Engineer: 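Supplied in structure tokens, the structure appears directly below.
We number each residue from 1, following the sequence as shown. Note that this is a predicted model, so its numbers are computed, not measured.
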Amino acid sequence: MGGQDGYSRNLLSYNEESNSLLAGLNIHPSDRWALGFNVGYTTAEGGLDPFELPADDYVAITPTMSFDFSDTHSYSNIDVSRLNADAMFKLKLTEHFWARLWYKIVDYTDDDPILYDTTGTVQWTTITAGWSF
């Protein structure tokens, strides 16, 4: 801002960083069965630089406000991590019939909640069967 009310600009920057690590392993020791594992881990952080609202001329002629702006820059902060992992076991029962067991977990952590904490974990297991012809 700028102009007759005495406002001045304060250029801000949003700093962010994210990192991911992924790994997987599939084992097929025979034609009858297979085993697989996958994992992924991600972290992300971000935040706005603190800012001031310098307007000396404006403050001199305007009563003080009841709202405190000193924490406003922190309302857009992000500090999260997420773990995804799964395991799979597949068994070929006959030449044309197979069964698979699959387990997956997702663990999400919100280390800097703003309005509410979004931390949580979900996990599930799936059993499937197939017939090839």
Side-chain angles (χ1 to χ4, degrees):
M1 291 188 272
Q4 72 262 10
D5 290 331
Y7 292 101
S8 62
R9 281 192 326 167
N10 187 357
L11 299 176
L12 302 174
S13 62
Y14 189 84
N15 304 303
E16 58 188 310
E17 179 181 340
S18 66
N19 298 292
S20 295
L21 176 66
L22 305 168
L25 175 67
N26 287 312
I27 303 168
H28 300 273
S30 74
D31 289 338
R32 289 208 58 220
W33 65 281
L35 190 60
F37 301 98
N38 296 297
V39 64
Y41 182 72
T42 300
T43 62
E45 294 182 23
L48 186 65
D49 288 338
F51 58 89
E52 296 178 16
L53 299 173
D56 298 334
D57 295 339
Y58 180 77
V59 171
I61 61 171
T62 307
T64 58
M65 293 185 225
S66 60
F67 186 77
D68 180 12
F69 289 98
S70 62
D71 289 333
T72 305
H73 71 280
S74 67
Y75 297 161
S76 64
N77 286 357
I78 294 173
D79 187 1
V80 296
S81 60
R82 177 176 169 152
L83 172 70
N84 292 16
D86 66 68
M88 180 276 304
F89 176 74
K90 183 177 180 181
L91 179 62
K92 193 172 185 181
L93 301 169
T94 67
E95 186 178 339
H96 299 288
F97 189 70
W98 55 266
R100 180 182 298 155
L101 175 65
W102 183 56
Y103 171 77
K104 183 167 182 87
I105 184 169
V106 177
D107 183 45
Y108 181 83
T109 305
D110 186 354
D111 292 323
D112 193 5
I114 298 170
L115 297 175
Y116 55 91
D117 191 357
T118 57
T119 298
T121 301
V122 63
Q123 52 188 326
W124 61 92
T125 303
T126 306
I127 299 173
T128 58
W131 176 47
S132 60
F133 53 94

Engineer: Whether the side chain of S20 engages the backbone of T42 through a donor-acceptor N/O pair (distance < 3.5 Å, no angle test) should be reported.
Structural biologist: no

Engineer: Identify the two heavy atoms, one from I114 and one from N77, that lie closest to each other, and give their separation to 0.1 Å.
Structural biologist: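 Taking every non-hydrogen atom into account, CD1-O, 3.2 Å.
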
Engineer: Within the 3.5 Å criterion, strictly below it, is a donor on D107 or T121 matched to an acceptor on the partner's side chain?
Structural biologist: yes

Engineer: Please report the interatomic distance OH(Y75) to CG(L115), rounded to the nearest 0.5 Å.
Structural biologist: 9.5 Å

Engineer: Give the minimum heavy-atom separation between F97 and G130, together with the two atoms involved.
Structural biologist: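 Closest approach of F97 to G130, heavy atoms only: CD1-O, 3.2 Å.
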
Engineer: Taking the side chain as everything from C-beta on, heavy atoms only, tell me whether Y103 gets closer than 4.5 Å to Q123.
Structural biologist: yes

Engineer: How far does OH of Y116 sit from OG1 of T118, to the nearest 0.5 angstrom?
Structural biologist: 7.0 Å

Engineer: Rounded to the nearest 0.5 Å, what separation is found between the CD1 atom of I127 and the CZ atom of R100?
Structural biologist: 12.5 Å

Engineer: Pairing donors with acceptors under 3.5 angstrom, does anything connect the side chains of T43 and S81?
Structural biologist: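 No, no side-chain donor-acceptor contact under 3.5 Å.
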
Engineer: If you link I, L, V, M, F, W and Y whenever their side-chain heavy atoms are under 4.5 Å apart, who else ends up in the same group as V122?
Structural biologist: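 ILVMFWY cluster around V122 also holds M88, W102, V106, W124.
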
Engineer: Can you check whether F89 reaches L91 side chain to side chain, under 4.5 Å on heavy atoms?
Structural biologist: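 A side-chain contact exists here, since the closest heavy-atom pair is under 4.5 Å.
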
Engineer: Is V39 linked to Y41 within one hydrophobic cluster, defined over Ile, Leu, Val, Met, Phe, Trp and Tyr using a side-chain heavy-atom separation of less than 4.5 Å?
Structural biologist: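 Hydrophobic grouping puts V39 with Y41.
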
Engineer: Going from NE2 on H73 to CG on L48, what distance comes out if it is rounded to the nearest 0.5 angstrom?
Structural biologist: 7.5 Å

Engineer: At what distance, to the nearest 0.5 angstrom, does OG1 of T125 lie from CG of L101?
Structural biologist: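 So the gap between those two atoms works out to 6.5 Å.
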
Engineer: What side-chain hydrogen bond (donor to acceptor under 3.5 Å, both in side chains) pairs are there with at least one residue in residues 22-33, not counting sequence neighbours?
Structural biologist: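 Applying side-chain hydrogen bond (donor to acceptor under 3.5 Å, both in side chains) to every pair that reaches into residues 22-33, excluding sequence neighbours, yields nothing.
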
Engineer: Quick one: pull up OG in S76 and CD in E16 and give me the separation to the nearest 0.5 Å.
Structural biologist: 10.5 Å

Engineer: Which atom pair, heavy atoms only, marks the closest approach of N38 to G24?
Structural biologist: OD1-CA, 3.5 Å

Engineer: Write down the atom of Y14, the atom of G46, and the distance for their closest heavy-atom approach.
Structural biologist: OH-C, 3.5 Å

Engineer: Work out which heavy atom in P113 is nearest to a heavy atom in D117; give both atom names and the distance.
Structural biologist: CB-CA, 3.7 Å

Engineer: Under 3.5 Å, is there a donor on one side chain and an acceptor on the other for D111 and T109?
Structural biologist: no

Engineer: Grab the two heavy atoms, one from W98 and one from K92, that are nearest each other, plus how far apart they are.
Structural biologist: CB-CA, 4.0 Å

